[in-house]
Each structure stands twice: as structure tokens, then as C-alpha cells.
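Computed from a predicted model, the values in this text were never measured in an experiment. Every number for a ligand or one of its atoms is a count from 1 in the order of the listing.
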Amino acid sequence: MTTGNITEIQRCSFNDGPGIRTTVFLKGCNMNCAWCHNPETIRHTKDLHYYVGNCIGCYKCVYVCPCKAHKKINGEHRFFPNLCVKCGKCAAVCYAGAMEMSGTQMGVEDVMQQVVQDKPYYIDSNGGVTISGGEVMCQIPFALELTEACKAENISVGVETNMHVPFEEMKPLLDKIDLVMCDLKIFDNAEHKKWTDVENTLIKENIKKLDELGIPYIVRTPLVPGATDSNENIKAIAEFLKDAKNMMYYELLNFNPLGGSKYKSLSRKNVFADAKPLPKSRIQELKEIAEAYCTVRVE
Ligand code: SF4
Ligand code: SF4
């Protein structure tokens, strides 16, 4: 049976598509957006978080770690991540929540056990399951099995994807999906590469092909101060989408600063540590620019 590399299953989510949803976050991405608010989903391998403020100095980790990555020095707990081999033993005994592992292999049946518990809510709210990430298209066989299991339960399925995968590889999954939420973050190719590590030519081609499939979809741009939020960028993306036949709407997502503590816990540099969400008036300006070309929503 195919297993998925999963960081989290979030029940009662209202942010990842219509209605009440369960969002399954897959680990591993093929892009590296400088503002990612789920940085633990970028790497394909396990991550160990260290939330230093949660440590209560019980030293259980010191006794279980096979690599001596935890030490008691001058009466204080110290963690040395360069010695860690990600075995997870410290996270299993750290009841204070200072050590946490990201990345669990789960079978479809295990995921479905959680998914079906909220089935009445999906039906009442026109919600369902969203497969997110990370990047769902990095784990297509698992996503396909999970989608088929949901369909067998009459549960609607959406995906959140960056579309940076050859279309033929995505198509078997897209053919079974009820709603695609895809990102076009930056229109200029060089700027896109600068902030995400990849060019956007394939993404633009795939959005055109997606429109031909006839599946409802939403295109989204996260508004990241200084990276994606210029008038020129939003105008260029909206103009690119102006002839779309099956796009429900173009969505502008305000900057989400909530990933900051995760960057610290992973010892990752956070380029946008001081960035703030855009004020309502600025979002309204951008919305009006885009509305000259297509239907726009703001989140
Ligand atoms: S087990 Fe957790 S709380 Fe206890 S010393 Fe280690 S990191 Fe701190
Ligand atoms: S994950 Fe394993 S190797 Fe890494 S610090 Fe914890 S116990 Fe040590």
C-alpha cells in the first residue's frame, strides 16, 4: 500500500477551500518560497523542531538521545542539532512540547479514519477534504489513492498546488478532483525564480491546460510585502487570467506571518521575519487593479 509523508491532518479547517474541511498537509515541496508559512513542509525528509521557550528542563531527552545531541550544561538544557539523526526519541518523551518531529508515513486507511469522522459537517457545509502541502504533486500516487478513498465515501476533494509538475503527470489526479486551488505568485519569470527557486513558464502553461479540462479552479497570489504585492505583478497576473473559462475567481491572500516560530524552531533563516500583513486599503487598491480583468476575491 502506498503511504504518504504527512506533517499534519487539520480538522475543521475554514481556510483551505469552501465549507468545513479536513486538510491533509503533505511533506516535501518542489519549490522553496522565501515566505513559506509552513517551512516544515518544504524538505522531503523528517524535521525536528526545537521550541526553546517550551523547555522545562526535565532532561528526559538527554537520557534517550543516542547521539548526545541533548546535553545538560551548567544546569541548563542545550540542544546541538548538527549531532541529530532525526530518530524522534526525544520528541516522544518531551511532554513539554519543546521537541517535535515533522513527517510521518501514513497509509490511506489511517488518514481516512480521521477524515470520515467529520463527514456530516462536510455535507452540511459543502466542504470536504483538501490535500495540501508542501506540494501535493510530489506525492501523486498517495494523493490519488486518498482521493479515490474519499470519493468512495462521497466526500468532495480539493487540492492546493503550485502546478510546477508536467501536466501529464498531474492529469490522472486532476481528473478526479472537484476543486483545484493553484498559485501564480509572481508573473515575471526572473523574479519568480529569485523568490521561489524555480521559473514559472511551466506553471503558466499548466494553468492554461487546466482551464481546458473544465474543472472548477481558483488562482491565488499571496501578497508578500516587497516580493509579490506590486501593482505591476497583480495587473500582469490578472491580465494573464482574463480569458479563463473555468476559473471561479482570482484570489488575493494577505500575508500570513504565522510561520515565524517554526522558522526559529528549525533554525531556518526567515527573510520575512519583520513583514506585516498589508492594510485593508492597500488590498482594496490591488483588488481594483485586478478587477479590470477578472472576478477577484480577497482572503
Ligand atoms: S525533554 Fe523537552 S522539556 Fe525536557 S529538557 Fe528535553 S527539551 Fe526540555
Ligand atoms: S531526534 Fe533522536 S538523534 Fe535527534 S536529538 Fe532527538 S533523540 Fe537525539
Validate the cation-pi geometry between [X] and [Y]: distance from NZ or CZ to the six-membered ring centre under 6.0 Å, angle to the ring axis within 45°.
X      : Y      : result
Lys242 : Tyr250 : no
Lys235 : Phe187 : no
Lys60  : Tyr95  : no

query: What do the steps show when you test Glu148 against Lys176 for side chain to side chain contact (heavy atoms under 4.5 Å, CB included), and what is the final call?
result: CA-CA 8 Å; Glu148 284 165 351; Lys176 302 203 165 165; 2.7 Å; yes

- request: Return the protein residues near ligand 1 (heavy atom under 4.0 Å from any of its atoms), ordered by chain and residue number.
  value: Cys55, Ile56, Gly57, Cys58, Tyr59, Cys61, His77, Cys94, Ala96, Ala98, Met99

With heavy-atom distances below 4.0 Å as the criterion, list the atoms of ligand 2 near [X].
X     : answer
Val85 : 3 (S), 4 (Fe)
Lys86 : 1 (S), 4 (Fe)
Gly88 : 1 (S), 2 (Fe)

query: Cluster question for you: counting only ILVMFWY and a side-chain heavy-atom cut-off of under 4.5 Å, with indirect links fine, are Ile177 and Val219 together?
result: yes

message: Using a strict threshold of under 4.0 Å (side-chain N to carboxylate O), is an ion pair present between Glu285 and Arg282?
response: yes

task: Using a strict 4.0 Å threshold on nitrogen-to-oxygen distance, state whether Asp16 and Arg21 make a salt bridge.
output: no

task: Decide if the gap between the ring center of Tyr50 and the ring center of His70 is smaller than 6.0 angstrom.
output: no

query: Which one holds for Ala69 and ligand 2: side chain close, backbone close, both close, or neither close, with close meaning a heavy atom under 4.0 Å?
result: side chain

